[in-house]
Amino acid sequence: MPIITRIDTDIRTHVATWRGAGERSVLVPTMGALHDGHLSLVDFAQDRAHRVIVSIFVNPTQFAEGEDFEDYPRTWERDIEMLRDKGVDAVYAPLSSVMYPERFATSVLVEGPALELETTYRPHFFRGVATVVAKLILGVQPDIAVFGEKDYQQLLVIKRMVSDLQIPCRIDGAPTIRETDGLAMSSRNRYLSESERETASKLNQTLQTCATDIRGGKPRGSSLQEAAEYLSQSGFKVDYLELRNADTLKRVDDIKNEPLRLLVAAHLGTTRLIDNIAV
Ligand code: AMP
């Protein structure tokens, strides 16, 4: 399993050679600290193409001052072992100096699905994500790139960007993998104390209850308010809990005829958790 850290032409050569042999490639971008959620993306990718490339890059530009860039978990050796066991074809782990060389001055700014929700609380975030994902996809040139529905707004932002810029790569969304109590797997879950970890399961349980209420015809205003209050009483500090159009993330006008997604972000102690489900 080649591990490529320097120039994107190396990884591009692999992809071009595979393409020449009639083999399709799929890229799975990650920030490392891999867990079963990431590995499920690898399985998902292996079902869709002959060759799977996993990228590992903790992208500084999607972290704001005071966020956890320095402390973000880095478990390189274990990650590589996990990917080797999975039969991944190549790891692309570009150095920071490759991704952001001196005088780097370009960024990708998506509006549409990037507006509100995460952007209200992390205004820098999608500019960093869109820029790094554009650079990874253009660097590797895979046929497909796979992203988790766990980061639902991110998935829609990347689909929008790839479509708007006519980047020749298909974007596929893969389902969220959860712990047995419903908590969405995340590299950041390891920040939770034992008691916070217990409380954390309420995030998804509350989404489920709220979705059931809305599906059952209970007014959405009171369903959302009750759910947010329950989370606050349980110890969360809620950034948002919102019902949005699942395709555009716009506010819902016609609840009966639009695809619906319930999205939440909330802090538990110093850890910020996000989750979402279809309604
Ligand atoms: P990250 O390393 O957190 O940037 O995540 C890399 C990719 O894995 C993103 O596309 C995430 O949406 C996806 N991912 C993270 N957690 C999960 C999960 N629990 N289930 C499915 N995909 C996930």
Side-chain angles (χ1 to χ4, degrees), residues 26-48 52-64 67-69 71-76 78-80 82-83 86 88 91-94 99 113-114 117-118 122 124-137 140 142 144-162 169-192 197 200-201 203-204 207 249 261 263-265 271-278:
V26 52
L27 173 67
V28 181
T30 80
M31 297 207 298
L34 301 181
H35 50 67
D36 286 350
H38 295 116
L39 297 186
S40 79
L41 296 193
V42 173
D43 290 332
F44 186 90
Q46 283 170 332
D47 287 344
R48 277 162 179 75
V52 175
I53 302 138
V54 174
S55 66
I56 299 180
F57 182 65
V58 185
N59 176 36
T61 64
Q62 70 193 65
F63 293 79
E67 290 186 348
D68 56 345
F69 174 68
D71 300 333
Y72 195 82
R74 287 161 173 88
T75 56
W76 173 257
R78 191 168 161 270
D79 290 354
I80 296 299
M82 287 165 95
L83 295 176
K86 271 285 181 197
V88 163
V91 172
Y92 181 47
M99 294 306 275
L117 301 168
E118 283 299 290
R122 306 183 74 198
H124 57 282
F125 180 66
F126 285 123
R127 187 189 285 241
V129 168
T131 305
V132 82
V133 169
K135 183 150 179 169
L136 287 169
I137 291 177
V140 174
I144 305 169
V146 171
F147 294 85
E149 287 184 354
K150 153 82 179 14
D151 300 278
Y152 192 78
Q153 190 176 9
Q154 170 175 285
L155 171 63
L156 294 197
V157 168
I158 290 162
K159 281 188 171 170
R160 184 77 265 145
M161 171 189 73
V162 163
C169 176
R170 191 178 92 203
I171 303 299
D172 285 354
T176 303
I177 303 302
R178 302 179 179 282
E179 305 287 356
T180 45
D181 64 1
L183 177 66
M185 289 188 185
S186 164
S187 308
R188 289 189 168 103
N189 290 351
R190 67 190 76 197
Y191 297 154
L192 298 168
R197 172 64 193 82
S201 63
L203 195 63
N204 183 253
L207 281 187
L249 292 185
R261 201 88 188 178
L263 303 105
V264 68
T271 308
R272 188 169 183 276
L273 301 173
I274 62 172
D275 199 358
N276 68 87
I277 57 170

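Both ligands and their constituent atoms are indexed starting at 1 by order of listing. Treat the numbers as computed from the prediction; the structure is a model and nothing was measured. Side chains are part of it too, since the values below use all heavy atoms of this structure and drop only hydrogens, waters and symmetry mates.
- Although no hydrogens or angles enter the test, the distance criterion places a donor-acceptor pair under 3.5 Å between the side chain of N276 and the main chain of K150.
- Selection from Q62, H38, M185 by nearest heavy atom to atom 1 (P) of ligand 1 gives H38.
- The ligand atoms of ligand 1 that sit less than 4.0 angstrom from a heavy atom of T176 are 20 (N), 21 (C).
- The backbone N or O of A93 lies less than 3.5 Å from no partner atom in the side chain of S55, so there is not a single donor-acceptor pair.
- Contact annotation: A33 has no heavy atom less than 4.0 Å from any atom of ligand 1.
- In this comparison of T30, I274, I177, the heavy atom closest to atom 20 (N) of ligand 1 sits on I177.
- The protein heavy atom nearest to atom 12 (O) of ligand 1 is D151 OD2, 2.6 Å.
- Q62 has its side chain out of reach of V133: every pair of non-hydrogen atoms, C-beta onward, lies at least 4.5 Å apart.
- Atoms of ligand 1 lying under 4.0 Å from any heavy atom of P29, numbered from 1 in the order shown and given with element: 6 (C), 7 (C).
- With D79 contributing its side chain and A33 its backbone, the two residues share a donor-acceptor pair below 3.5 Å.
- Taking any N or O of F147, backbone or side chain, none lies under 3.5 Å from an N or O belonging to ligand 1.
- Remark: of the listed residues L249, T176, I274, L249 is the sole one forming a side chain to side chain contact (heavy atoms under 4.5 Å, CB included) with Y152.
- A salt bridge links D43 and K86; the closest N-O separation between the charged side-chain nitrogens and carboxylate oxygens is under 4.0 Å.
- Here the protein heavy atom with the shortest distance to atom 10 (O) of ligand 1 is G148 N, 2.9 Å.
- By the criterion of a heavy-atom distance under 4.0 Å, the backbone of P175, and not its side chain, is placed next to ligand 1.
- Taking each of M31, K150, R188, R178 in turn, the one with a heavy atom nearest to atom 17 (C) of ligand 1 proves to be K150.
- Between S40 and ligand 1, not a single N/O pair is under 3.5 Å apart.
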- Yes or no on side chain to side chain contact (heavy atoms under 4.5 Å, CB included) for T75 and L34, after CA distance, side-chain angles and deciding distance? CA-CA 8 Å; T75 56; L34 301 181; 5.8 Å; no

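- Near G37, meaning under 4.0 Å from any of its heavy atoms, are these atoms of ligand 1: 18 (C), 20 (N), 21 (C), 22 (N).
- Panel note: side chain N59, backbone G128; a donor-acceptor pair is recorded below 3.5 Å.
- Residue-level proximity to ligand 1 for L41 is carried by the side chain, the only part with a heavy atom below 4.0 angstrom.
- The closest approach between a heavy atom of H35 and any atom of ligand 1 is below 4.0 Å.
- For R190 and Y72, the positive end is not near the middle of the six-membered ring at less than 6.0 Å and at most 45° from its axis.
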